[in-house]
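Take a look at the structure set out below.
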Amino acid sequence: MPELPEVEIIRRELSPIMFRERIVDIEIFDTKIQLQPNDILNKIIIELVRKGKYLFLILNDSSSLLFHMGMTGSLIYTTARENLRFQRVLISLSQGFISFCDARRFGKIKYLSEIDREKFEQTLGMDPLLSEYSWNNFERLLVKRTLPVKNFLMNQAWIAGIGNIYASEILFLSKIHPEKRVNDLTEQEKRSLFDVIPLVLKKAILGEGTTIRDYQHTDGSRGSFQNCLQVYNREGKPCFTCGSPIQRIKIAQRSTYYCPHCQKM
DNA sequence: CATTCATCCTGCTGGC
DNA sequence: TGCCAGCAGGATGAAT
């Protein structure tokens, strides 16, 4: 489900709620999620950190709880204890409750020591909203790559945070065909990509995230950026720029949307 | 090393 | 109304 913008929204909403809260209890209703309650019980949350699509709850002994939403995961805050649909984990805080709900069970929660968190963060590529995102680093990533540019954008080891929706959106705004091979990109196209990536992600955050079906804010409400999407989920509809019908193709088994007129090979 | 592909899950939607 | 194929915001490890 959530890509970088949606996870960032979750982080921003939960930060003031969870800051300095104690983890009083944790209940796990899904055998796929393996946590030792003793690792985290009675620890205090001192910070929420996001990198790419991952969210870390940093605890007062510098260990952390890592959340990944997978396709359908959400974190819901309630003031009273509730049984929510698809609830997999329930964390009781000193004040309030956080439910991890996840219909498809692709989401993950892991306990990490400080060392393990550092190691894990190193496996992720640069986050387009952090200062590590630079033209030098970006340019270096592109060298000698022959895969389609859409696959390049979605590899979390190179750039962290872009998923299937925003990959299509970024390529539309950059006027690049999603199947174009990275080593065939012109200098201008590379520059454009570099600039458009953070632009689209920031706009999506301002637009409260994209809810096609499952994404929810931490109070259960929906995003609104789905109304601003240029190509994703718009097969057959007219391009907002030129009126040509938006095409849907499969790249690496994932639906990919583009305008055949505005995005040439 | 770089790239592609099947697989993990469950639920919803649209067509017949 | 009921059934079933096809689809879904992701990541991984095995195969090529």
Side-chain angles (χ1 to χ4, degrees), chain A residues 1-11 29-34 50-55 66-75 84-89 100-110 120-121 123-125 128 140-172 178-184 197 200-201 203-205 207-218 221-236 248-257:
Chain A
M1 174 231 298
E3 305 182 30
L4 184 152
E6 289 76 26
V7 179
E8 175 61 16
I9 291 165
I10 292 171
R11 189 191 71 79
F29 313 111
D30 181 349
T31 53
K32 276 184 81 178
I33 295 174
Q34 305 272 346
R50 180 195 57 75
K51 175 140 181 178
K53 304 172 190 173
Y54 293 86
L55 181 67
L66 165 67
F67 288 81
H68 188 272
M69 304 301 159
M71 291 278 235
T72 55
S74 56
L75 286 170
L84 302 174
R85 196 149 133 90
F86 310 127
Q87 190 175 53
R88 308 295 179 196
V89 174
F100 179 67
C101 301
D102 182 16
R104 286 178 72 184
R105 301 170 65 208
F106 284 166
K108 287 185 176 66
I109 306 179
K110 282 183 78 174
F120 176 75
E121 285 194 44
T123 68
L124 292 174
R140 215 171 302 151
L141 288 172
L142 301 170
V143 175
K144 288 191 179 174
R145 302 228 181 265
T146 59
L147 76 174
V149 60
K150 195 220 176 198
N151 293 9
F152 169 80
L153 291 178
M154 291 182 60
N155 187 323
Q156 305 301 304
W158 297 330
I159 300 174
I162 301 170
N164 207 39
I165 293 179
Y166 299 115
S168 283
E169 294 298 306
I170 287 163
L171 289 166
F172 174 77
E179 285 175 304
K180 186 155 185 174
R181 304 272 155 174
V182 169
N183 57 343
D184 291 334
I197 288 168
V200 167
L201 299 174
K203 274 193 191 172
I205 294 171
E208 303 172 320
T210 301
T211 302
I212 300 294
R213 170 181 292 144
D214 298 299
Y215 171 65
Q216 305 177 65
H217 286 231
T218 56
S221 64
R222 295 164 56 85
S224 53
F225 198 70
Q226 62 277 10
N227 302 318
C228 304
L229 297 175
Q230 301 293 301
V231 289
Y232 188 86
N233 224 9
R234 297 196 64 244
E235 183 181 17
R248 176 166 74 107
I249 56 173
K250 289 266 184 191
I251 302 180
Q253 303 106 248
R254 309 295 300 278
S255 281
T256 306
Y257 299 83

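Throughout, protein chains are lettered first and strands after them, A, B, ... in sequence-line order, and every chain is numbered starting at 1.
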Practice problem: Would you mind reading off the distance between A:Arg248 atom CZ and C:dG6 atom C1', rounded to a whole angstrom? | Solution: 9 Å
Practice problem: Please indicate yes or no: is the ring centre of A:Tyr215 less than 5.5 Å from the centre of the six-membered base ring of C:dG9, with the two planes inclined by under 30 degrees? | Solution: no
Exercise. Specify the residue among A:Arg213 and A:Lys32 whose closest nucleotide of DNA chain B lies further upstream toward the 5′ end.
Key: A:Lys32
Exercise. Compute the ring centroids of A:Tyr257 and A:Phe172, then answer whether they are less than 6.0 Å apart.
Key: no
Quiz item: Which part of the nucleic acid, if any, lies within reach of A:Tyr232 when heavy atoms closer than 4.0 Å are counted: base, sugar-phosphate only, or nothing?
Solution: sugar-phosphate
Exercise. Could you check if the base of C:dG9 is syn or anti? Syn means the glycosidic torsion is within 90 degrees of 0.
Key: syn
Quiz item: With distance as the sole criterion, is a donor-acceptor pair present between the side chains of A:Thr72 and A:Asp102 under 3.5 Å?
Solution: yes
Exercise. If B:dC9 has a Watson-Crick or G-U wobble mate with both distances under 3.5 Å, name it; if not, just say none.
Key: none
Practice problem: Look at A:Gln156 and C:dA11 and indicate whether a side-chain polar atom (N or O) is within less than 4.0 Å of OP1 or OP2. | Solution: yes
Self-check item: Option passing side chain to side chain contact (heavy atoms under 4.5 Å, CB included) with A:Arg222 (candidates A:Ile212, A:Thr211, A:Thr210)
Solution: A:Thr211
Quiz prompt | Rounded P spacing from B:dG14 to C:dG9 in Å | solution = 16 Å
Quiz item: Rounded to whole angstroms, how far apart are CG on A:Leu153 and P on C:dA11?
Solution: 13 Å
Exercise. Rounded to the nearest angstrom, tell me the gap between atom CZ in A:Arg145 and atom C1' in B:dT3.
Key: 10 Å
Quiz prompt | Pair A:Ser224-A:Glu208, side-chain donor/acceptor within less than 3.5 Å | solution = yes
Quiz item: Looking for any heavy atom pair under 4.0 Å, which part of the strands does A:Lys108 touch: base, sugar-phosphate only, or nothing?
Solution: nothing
Self-check item: A:Tyr54 OH to C:dG9 P, straight-line distance once rounded to whole Å
Solution: 16 Å
Practice problem: Please determine, for C:dA14, whether a Watson-Crick or G-U wobble partner exists with both distances under 3.5 Å, and give it or none. | Solution: B:dT4
Self-check item: Nucleotide nearest A:Gln253 (side chain, heavy atoms from C-beta), chosen from C:dG9, B:dA6, B:dT4
Solution: B:dA6
Exercise. Examine the side chains of A:Tyr166 and A:Glu6 and answer whether a donor and an acceptor come within less than 3.5 Å of each other.
Key: yes
Quiz item: Is A:Ser255 touching bases, backbone alone, or none of the nucleic acid, heavy atoms closer than 4.0 Å?
Solution: sugar-phosphate
Quiz item: OP1 or OP2 of C:dA11 less than 4.0 angstrom from a side-chain nitrogen or oxygen of A:His68, does that happen here?
Solution: yes
Quiz item: How far, in whole Å, is B:dA6 from C:dG6 if one measures between their P atoms?
Solution: 15 Å
Quiz item: Atom CG of A:Asn151 and atom P of B:dA6: how far apart are they, to the nearest Å?
Solution: 14 Å
Quiz item: B:dT4, C:dG9, B:dC9: which one has an atom nearest the side-chain heavy atoms of A:Met71?
Solution: C:dG9
Quiz item: Do A:Arg145's NZ or CZ and the ring of A:Trp158 fall within the cation-pi criteria of under 6.0 Å and 45°?
Solution: yes
Exercise. Would you mind classifying the nucleic acid contact of A:Ala103 as base, sugar-phosphate or nothing, using non-hydrogen atoms under 4.0 angstrom?
Key: sugar-phosphate
Quiz item: Can you check the A:Lys250 NZ to B:dC5 P distance for me, whole Å?
Solution: 13 Å
Self-check item: N or O in side chain of A:Thr146 less than 4.0 angstrom from B:dT3 OP1/OP2
Solution: yes
Quiz item: Between atom CZ in A:Arg105 and atom P in B:dG11, what is the gap in whole Å?
Solution: 9 Å
Quiz item: Can A:Ser255 and A:Arg248 be counted as having a side-chain donor-acceptor contact under 3.5 angstrom?
Solution: yes
Quiz item: If you look at every strand shown and take non-hydrogen atoms under 4.0 Å, does A:Leu147 touch a base, only sugar-phosphate, or nothing?
Solution: sugar-phosphate
Practice problem: Please tell me which of A:Ala252 and A:Arg85 maps to the more 5' nucleotide of DNA chain B, matching each residue to the nucleotide holding its nearest heavy atom. | Solution: A:Ala252
Self-check item: side-chain N/O A:Arg254 vs C:dG10 OP1/OP2, d < 4.0 Å
Solution: yes
Exercise. Tell me whether the OP1 or OP2 atom of C:dG9 has a side-chain N or O from A:Lys53 closer than 4.0 Å.
Key: no
Self-check item: Whole-Å gap separating C1' (C:dG10) and CZ (A:Arg104)
Solution: 9 Å
Quiz item: When rounded to the nearest Å, what value does the distance between P atoms of C:dA14 and B:dC9 take?
Solution: 16 Å
